[in-house]
Amino acid sequence: MTTNKLRFVETDSPQKEEDLAEAKKRLRAYMKGRRGENENRDIKEELLLRNVLRAIAEKGLDAVKDRKAFVYLSFSSEAPTDKLIQALLEGGWRVYCPRIENRQMLAVEYGEDFSLSSFGTREPIGEPYTGKLDLAVVPLLAVDEQGRRLGYGGGYYDRFLGEHPETLRLAYGFDFQIIRQVPTEEHDIKMDGIATDKRIVWTSVREK
């Protein structure tokens with residue numbers, strides 16, 4: 001059975017905590033399957049790269065001196081980031097990638113050496129960076145146009161981005177991952193924008 005025939009019915013009515021957890025669980029399973037069936041990935045990767053670079057230019061980040069980006073190292077069926085990282089490096093950015101230690105996400109500068117995490121993802125080797133980040137390119141399973149993002153459930157990005165309020169939060173994924181409404185909880189961090197293979201979406205002004 002393919003997942004593309006399944007539908008999710010979203011509601012604006014309040015949901016109980018256990019209902020939200022179950023809704024997130026079902027949506028994660030659906031989107032993992034849908035993403036695994038994704039076709040024409042090479043073409044979509046080029047379109048993703050073009051749109052994320054355009055989004056960076058729209059926000060004037062190309063003009064920032066000593067600009068720094070935090071970019072995930074793509075894994076499995078995630079929207080690929082290797083070409084994006086290379087383009088940023090060639091554009092004069094310093095690029096940092098996530099490493100998990102003691103249930104905490106750290107920013108470590110991208111380099112030639114990596115280790116493999118317990119999740120099977122690549123992690124950079126080196127000293128953690130704790131300074132300002134101008135941009136964060138964030139993976140997702142689903143997102144809506146209000147910036148509500150569904151991740152993998154560990155809360156690593158929510159905690160990390162909460163510690164970096166100055167950073168532009170850009171969700172990065174395929175266009176079918178944008179849905180009408182993502183079930184969220186109070187601790188979930190909203191994205192400032194979304195870059196896909198088809199469009200750029202800027203969300204409403206971030207709440208202070």
Side-chain angles (χ1 to χ4, degrees), residues 43-75 78-100 104-112 114 121-124 126-151 156-175 177-178 182 188-208:
I43 295 172
K44 290 177 180 178
E45 182 177 10
E46 293 298 329
L47 296 172
L48 271 162
L49 176 59
R50 183 182 67 185
N51 281 342
V52 74
L53 294 178
R54 184 159 62 91
I56 289 170
E58 286 182 6
K59 290 300 180 180
L61 292 181
D62 279 342
V64 175
K65 292 183 179 179
D66 194 23
R67 49 194 180 273
K68 298 178 176 68
F70 182 72
V71 185
Y72 72 94
L73 289 165
S74 53
F75 170 74
E78 290 179 329
T81 57
D82 288 297
K83 288 184 179 180
L84 170 59
I85 290 171
Q86 190 59 39
L88 291 173
L89 290 170
E90 291 173 358
W93 288 75
R94 297 188 70 171
V95 177
Y96 300 84
C97 300
R99 187 173 76 210
I100 305 300
Q104 181 182 8
M105 178 175 281
L106 306 174
V108 179
E109 189 161 11
Y110 179 88
E112 296 181 354
F114 302 91
T121 57
R122 293 169 292 163
E123 293 186 329
E127 291 298 315
Y129 169 75
T130 59
K132 179 182 177 182
L133 294 165
D134 301 289
L135 170 71
V137 177
V138 185
L140 58 104
L141 284 167
V143 68
D144 61 30
E145 292 188 6
Q146 288 70 50
R148 294 181 289 247
R149 167 188 168 270
L150 181 73
Y156 294 107
Y157 278 93
D158 292 315
R159 292 191 292 272
F160 181 84
L161 294 173
E163 295 169 356
H164 293 272
E166 78 287 351
T167 304
L168 180 74
R169 307 159 183 168
L170 189 63
Y172 186 72
F174 301 106
D175 202 69
Q177 292 177 271
I178 299 180
V182 170
D188 293 327
I189 296 289
K190 289 185 178 181
M191 301 292 101
D192 299 310
I194 309 161
T196 78
D197 50 302
K198 291 186 178 180
R199 54 182 158 157
I200 299 168
V201 177
W202 295 115
T203 66
S204 56
V205 178
R206 189 190 306 192
E207 295 179 2
K208 299 295 185 182

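The first residue in the sequence is number 1, and the count goes up from there. Only a predicted model underlies this, so the values are computations on that prediction, with no experimental measurement involved.
In this structure, CD in Glu109 is found 9.5 Å from OH in Tyr129, a value given to the nearest 0.5 Å. Between the CG atom in Asp197 and the CZ atom in Arg50 there is a gap of 10.0 Å [rounded to 0.5 Å]. With rounding to the nearest 0.5 angstrom, the NZ atom of Lys190 is 11.0 Å from the CZ atom of Arg169. Expressed to the nearest 0.5 Å, how far CZ of Arg94 lies from CG of Leu88 amounts to 14.0 Å. The structure places CD1 of Ile178 at 4.5 Å from CD1 of Ile194, a figure rounded to the nearest 0.5 Å. From Ile43, atom CD1 reaches atom CG of Leu48 across 12.5 Å, with rounding to the nearest 0.5 Å.
Annotation: side chain of Tyr156 is not in contact with side chain of Leu106 (no heavy-atom distance under 4.5 Å). Between Glu78 and Tyr72, some side-chain heavy-atom pair lies under the 4.5 Å cut-off. Residues Phe70 and Thr167 have side chains not in contact (no heavy-atom distance under 4.5 Å, counting atoms from C-beta outward). Side-chain contact between Thr203 and Gln146: absent, with no pair of heavy atoms (C-beta onward) separated by less than 4.5 Å.
Of all the heavy atoms in Ile200 and Ala55, the pair that sits closest is CD1-N, 3.6 Å. Heavy atoms only, all atoms of each residue included: Asp82 and Ser74 are closest at OD2-OG, 4.0 Å. Heavy-atom minimum distance, Leu141 versus Gln177: O-NE2, 3.2 Å. Listed here is the closest heavy atom pair of Pro98 and Leu73: CD-N, 4.4 Å. Pairing each heavy atom of His164 with each of Thr130, the nearest pair is CE1-O, 4.5 Å. Between Val182 and Asp144, the shortest heavy-atom distance links the atoms N-OD2, 2.9 Å.
A salt bridge links Asp175 to Arg199: at least one charged side-chain nitrogen sits closer than 4.0 Å to a carboxylate oxygen.
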Check the pair Ile56, Asp62 against side chain to side chain contact (heavy atoms under 4.5 Å, CB included), reporting the backbone distance first and the verdict last. CA-CA 7 Å; Ile56 289 170; Asp62 279 342; 3.5 Å; yes

Where do Leu135 and Trp93 land on the side chain to side chain contact (heavy atoms under 4.5 Å, CB included) test, with the steps shown first? CA-CA 10 Å; Leu135 170 71; Trp93 288 75; 4.1 Å; yes

Passes side chain to side chain contact (heavy atoms under 4.5 Å, CB included), Thr81 versus Cys97? Steps please. CA-CA 11 Å; Thr81 57; Cys97 300; over 6 Å; no

Just do the salt bridge (Lys or Arg N to Asp or Glu O under 4.0 Å) check on Arg54 and Glu58 with the steps written out, would you? CA-CA 6 Å; Arg54 184 159 62 91; Glu58 286 182 6; 3.2 Å; yes

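Stacking of Arg159 on the aromatic ring of Tyr157 is not recorded, the 6.0 Å distance cut-off and the 45° axial limit not both being met.
Remark: the backbone N or O of Ile189 is paired with a side-chain donor or acceptor of Asp158 at under 3.5 angstrom. Not one N or O on the side chain of Arg148 forms a donor-acceptor pair closer than 3.5 Å with the backbone of Ala142. Panel note: side chain Asp134, backbone Lys68; a donor-acceptor pair is recorded below 3.5 Å.
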